[in-house]
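Structure first, then comments.
Labels below follow one simple rule: chain letters A, B, ... track the order of the sequence lines, proteins then strands, and each chain is numbered from 1. Owing to the predicted nature of the structure, the values given are computational and were not obtained by experimental measurement.
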Amino acid sequence: MRIGSAASAVARLQPILADKLAAGGLRDLFEKVELPLTVVLGEMEANGFLVDTAVLAGLAKELEQQLAGILDEIYRKAGTEFNVNSPKQLSEVLFEKLKLAPIRKTKTGYSTDEDVLTQLALQHELPAEILNYRSLSKLKSTYVDALPLLVHAETGRLHTSLNQTVTATGRLSSSEPNLQNIPVKGEWGGRIREAFVADPGAVLLSADYNQIEPRILAHLSQDPVLIGAFVRGDDIHAATAAEIFSSPVAQITTDMRRVAKTVNFGIIYGISPYGLSAQLGISQQEAKKYIEAYFTRFQGVKTFLDRTIAEAKQNGYVTTMLGRRRPIPELRSGDPTQQGFGQRMAMNTPIQGTAADVIKLAMLAVSRRLVAEGATAKMILQVHDELIFEMAETEVERVRKIVVEEMERAVSLAVPLKVDVGVGKNWRQAHP
DNA sequence: GAACTCACG
DNA sequence: ACGTACGTGAGTTCT
């Protein structure tokens, strides 16, 4: 791509108007967003993410020791030695040797996943040790041991592939290595993120959209109650709890907020009494009551989701704000299970896909502003609702302003878009 | 290569 | 009676 002429400099400063794009449909989506974004993605891949392999090497030693100790304890509690990484062998120990009651079946046997082991932990000491072993083993094999092997010999950095033609919703995916699933939870997650660093003299800046999917739901549905909550700047889960439980926000407990947060996630995933009941560990009858209470208060959301499913059935596809389409043939299936799949896809895709549209527009806008203003900051990663940049410490404040401004005004919705920013020498510190 | 599990948003 | 929360990528085991 040739750059630098006066004409192209002006062209790069033309904002992309989302409403115009939406009217233009698929061709504009491709020509105005996806094609130019390939250039930005190529730059990000080339920029790469610096990883301090000495930090990872230290973690590997610590984890090795921890795992050895846990393994001893597992063998003691099981009364036998076996391959803990083998669900088949673990299943024999739990359900045959120890006679614990199976919770759920898989295609080939009894499930031993996290949910199952958490329930079994109420009856025996072994499952909790297995869970502990599994979580640390996952971090060691997938991240601490694997990532250093992918550091590029010449740049000394990790260069992921940012794929734009993989997902069904319009999100990016990241592979070889996947840098969109780097651990964040818990002590060890934080310590792994400390290995993702800025160059000496530089810092990382992370900017993420606050509650982008519920905000997009508010916009797409035009629900006045949901819009009101975001316009006032309310805590959305507490506000949802207040509606569901018909109670003042001041009287919302931690537990009520937790339920409301799960309901909000459920709505975005394509709600069903079964799914919500499994997630909250309650009966389907109780889950159904929460869903009914939600839709009584947020009638605009109910109408929107019903209309989205009906249109999807009629058209054979759903669309995002910028006109991206996802075919949903499952909706015309005779199989009720397949129809259920189709309904949840129909509810989720416009929300998840519009969020993907928004951050893509933001990436183009930020990229253009950084060039236009002569900033040397580099965009190095996108994690669905988060953008990560690396820059000289001297230009942090200027870049922070540009990034927040361009992300928040990437599109104009019925509710404000809010961006949180963090800065630091490593990804843990920079995470807002 | 399928199955299972689990890391992220 | 039964069952799946949405979207991904990768490591390990086993066929």
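- Salt-bridge check for R191(A) with E62(A): passed, with a basic side-chain N closer than 4.0 Å to an acidic carboxylate O.
- For the P atom pair drawn from dC4(B) and dA5(C), the interatomic distance equals 13 Å after rounding to whole Å.
- Atom CZ of F82(A) is separated from atom C1' of dT12(C) by 15 Å (rounded to the nearest Å).
- Between K302(A) and E292(A), no side-chain nitrogen of the basic residue sits less than 4.0 Å from a carboxylate oxygen of the acidic one, so the salt-bridge criterion is not met.
- Each of dA7(B), dT8(C), dG9(B) was ranked by its minimum atom distance to the side chain of R171(A); first place goes to dG9(B).
- Comparing dT15(C), dA10(C), dT4(C) against the side chain of K88(A) picks out dT15(C) as the nearest.
- In the set dT13(C), dG7(C), dG9(B), the nucleotide with an atom closest to the side chain of N85(A) is dT13(C).
- If you check dG7(C), dA5(C), dC8(B) against the side chain of T262(A), the one that comes closest is dA5(C).
- If you check every strand for non-hydrogen atoms under 4.0 Å, S137(A) touches nothing.
- Atom CE of M347(A) is separated from atom P of dA5(C) by 14 Å (rounded to the nearest Å).
- Separating the P atom of dT5(B) from that of dT4(C) is a span of 14 Å, rounded to the nearest Å.
- Among dG9(B), dT4(C), dA7(B), the nucleotide with an atom closest to any side-chain atom of F341(A) is dT4(C).
- The side chain of T108(A) sits closest to dA3(B) out of dG9(C), dG9(B), dA3(B).
- Across all strands shown, A146(A) has heavy atoms under 4.0 Å from sugar-phosphate atoms exclusively, and none from any base.
- Nucleotide dC2(C) forms no Watson-Crick or G-U wobble pair with any nucleotide shown, as no partner meets the under 3.5 Å limit on both distances.
- The side chain of H384(A) lies closest to dG9(B) when the candidates are dG9(B), dT4(C), dT5(B).
- Between W188(A) atom CH2 and dA7(B) atom C1' there is a gap of 16 Å when expressed in whole angstrom units.
- Note on M345(A): only backbone sugar-phosphate atoms sit closer than 4.0 angstrom, heavy atoms only; bases stay farther off.
- Between H237(A) and F265(A), the angle of the ring planes stays under 30°, which puts this pair in the parallel group of the 30/60° scheme.
- The 12-atom threshold is not exceeded at CD of E125(A), counting heavy atoms of other residues, nucleotides or ligands nearer than 6.0 Å.
- Residue D115(A) contributes atom CG, which lies 11 Å from atom P of dT5(B) at whole-angstrom precision.
- Nucleic acid contact class of S272(A) (heavy atoms, under 4.0 Å, all strands): base.
- Taking the side chain of L276(A) as heavy atoms from C-beta on, and the options dA5(C), dG9(C), dT12(C), the nearest nucleotide is dA5(C).
- dC6(B) and dA1(C) have their P atoms separated by 30 Å, with the value rounded to a whole Å.
- Checked for salt-bridge contact, K289(A) and E286(A) miss the test: no charged N lies under 4.0 Å from a carboxylate O.
- Within 4.0 Å (heavy atoms only), N83(A) reaches sugar-phosphate atoms of the nucleic acid but no base atom.
- I271(A) has its CD1 atom 15 Å from the C1' atom of dG3(C), to the nearest Å.
- Base engagement by K138(A) is indicated by at least one non-hydrogen atom pair under 4.0 Å involving a base atom.
- Nucleic acid contact class of E114(A) (heavy atoms, under 4.0 Å, all strands): sugar-phosphate only.
- At whole-Å resolution of the value, CD1 in I182(A) and P in dG9(C) are 14 Å apart.
- T349(A) comes within 4.0 angstrom of nothing in the nucleic acid, heavy atoms only.
- Contacts of R326(A) with the nucleic acid, taken as non-hydrogen atoms under 4.0 Å apart, involve only primed sugar atoms and P, OP1 or OP2.
- Using modelled atom types, one side-chain atom of R332(A) and one backbone atom of Q314(A) make a donor-acceptor pair closer than 3.5 Å.
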Inset, instruction - Given salt bridge (charged side-chain N to carboxylate O under 4.0 Å, His left out), test R157(A) with E390(A) step by step and report yes or no. - result: CA-CA 13 Å; R157(A) 299 168 72 100; E390(A) 184 176 6; 2.5 Å; yes

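- A355(A) comes within 4.0 angstrom of nothing in the nucleic acid, heavy atoms only.
- When heavy atoms are screened at a 4.0 angstrom cut-off, E176(A) is found touching the sugar-phosphate backbone but no base atom.
- Of the candidate nucleotides dC4(B), dC8(B), dA5(C), dC8(B) has the atom nearest to the side chain of N181(A).
- The residue among N348(A) and Q284(A) whose nearest nucleotide of DNA chain C lies closer to the 5′ end is Q284(A).
- Ranking dT13(C), dG7(C), dC6(B) by closeness to the R134(A) side chain, first place goes to dC6(B).
- At the heavy-atom level, G340(A) lies nowhere under 4.0 Å from the strands shown.
- When the C1' atom of dA5(C) is taken as reference, atom CG of L305(A) falls 14 Å away, rounded to whole Å.
- Residue E386(A) contributes atom CD, which lies 9 Å from atom C1' of dG9(B) at whole-angstrom precision.
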